[in-house]
Amino acid sequence: GGIDTGCTFGSLKEKDLALMIAKDAVAELARLGVTVIMTRKDDSFPSLKARPDLANRNRADMFVSIHINSPGGRGNGPSGTQVYYHRSDGTSRLMGECIMKYMVQHGKMPNLGVRSDLTLHPQSGLAVLRGSRMPAVLVEVGFITNPADRARLVNPEFRRTAAQAIVRGIRLFLGDKP
């Protein structure tokens, strides 16, 4: 958010799409009685370090970072959902697998895998995951550069479905019957 738009395509910005999905997920979690702390509720820019620090200070049980993907460049590119966890953290990987199950099942997104963030940054992984002291995942909902994914991402119903899939995955991870 804020000065960092994230990936873009025309007038579409990752920061806006991701926040809409996050707000839908928060509404669903609140309905279930879950306390949620958002790293941002508006168009502000918390640093990559500030995000997991907030979760750590509040002794959060888990950390879920929602993003929109871009392979760089333009064109159709890949399509689908990816979930990242830090290094070889098996608990975070399991949470990612639970979320992916519902993203594919309900969001009808191609499964591009649940993988270690070391596949992106071999030395350090992703900052928002690296700094978390609890199970943590980064969900790339879809590719802004892919026409089919983009059509889904701009659809409010798809964004709600993606948020619900993330919530169902969290519930499955916690041993609840979603």
What are the two closest heavy atoms between [X] and [Y], and how far apart are they?
| X | Y | value |
| --- | --- | --- |
| A55 | F63 | CB-CD1, 3.7 Å |
| P52 | A127 | CG-O, 4.1 Å |
| V167 | A25 | CG2-O, 3.7 Å |

Does any N or O in the side chain of [X] come within less than 3.5 Å of the main-chain N or O of [Y], such that one atom is a donor and the other an acceptor?
| X | Y | value |
| --- | --- | --- |
| N58 | A60 | no |
| D176 | R171 | no |
| R159 | L17 | no |
| N69 | Q82 | no |

Would you check if [X] and [Y] make a side-chain contact, meaning some heavy-atom pair closer than 4.5 Å?
| X | Y | result |
| --- | --- | --- |
| K13 | D16 | yes |
| T39 | V128 | no |
| T161 | R152 | no |
| I170 | V64 | yes |
| I166 | E28 | no |
| F158 | V141 | yes |
| M134 | N56 | yes |
| P71 | T145 | yes |

Exercise for the section: Take I144 and L12, measure what side chain to side chain contact (heavy atoms under 4.5 Å, CB included) needs, and give me the verdict at the end. Expected result: CA-CA 8 Å; I144 201 167; L12 292 176; 3.9 Å; yes

Practice task
Using the side chain to side chain donor-acceptor pair (under 3.5 Å) rule, collect all pairs that involve residues 110-119, keeping only residues at least two apart or in two chains.
Solution key: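 Pairs touching residues 110-119 that pass the test: H86-D117.
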
Practice task
Mind running side chain to side chain contact (heavy atoms under 4.5 Å, CB included) on L172 and Y102 for me, showing each step along the way?
Solution key: CA-CA 9 Å; L172 179 64; Y102 287 100; 3.7 Å; yes

Exercise for the section: Ignoring hydrogens and angles, state whether a donor on the side chain of S65 or R51 is under 3.5 Å from an acceptor on the partner side chain. Expected result: no

Practice task
May I ask you to check whether E14 and H67 show a side-chain donor-acceptor distance below 3.5 Å?
Solution key: yes

Spacing of [X] atom [atom1] and [Y] atom [atom2] [to the nearest 0.5 Å]:
| X | Y | atom1 | atom2 | value |
| --- | --- | --- | --- | --- |
| D53 | S47 | CG | OG | 7.0 Å |
| K23 | M38 | NZ | CE | 6.5 Å |
| L120 | E140 | CG | CD | 8.0 Å |
| L118 | Y85 | CG | OH | 8.5 Å |
| I21 | R160 | CD1 | CZ | 11.5 Å |

Between [X] and [Y], is there shared hydrophobic-cluster membership here, with clusters defined by ILVMFWY side-chain heavy atoms closer than 4.5 Å?
| X | Y | value |
| --- | --- | --- |
| M103 | L174 | yes |
| V139 | I68 | yes |
| F143 | F9 | no |
| L19 | L29 | yes |
| I66 | L54 | no |

Handout entry: Test log, rule salt bridge (charged side-chain N to carboxylate O under 4.0 Å, His left out), inputs K15 and D43
Key = CA-CA 8 Å; K15 69 178 185 175; D43 193 20; 3.0 Å; yes

Could you pull out every donor-acceptor pair under 3.5 Å between side chains of residues 91-101 and any protein atom, sequence neighbours left out?
unit_1: S92; atom_1: OG; unit_2: D89; atom_2: OD2; d: 2.6
unit_1: S92; atom_1: OG; unit_2: A136; atom_2: N; d: 2.9
unit_1: S92; atom_1: OG; unit_2: A136; atom_2: O; d: 3.4
unit_1: R93; atom_1: NE; unit_2: E97; atom_2: OE2; d: 3.0
unit_1: R93; atom_1: NH2; unit_2: E97; atom_2: OE2; d: 3.4

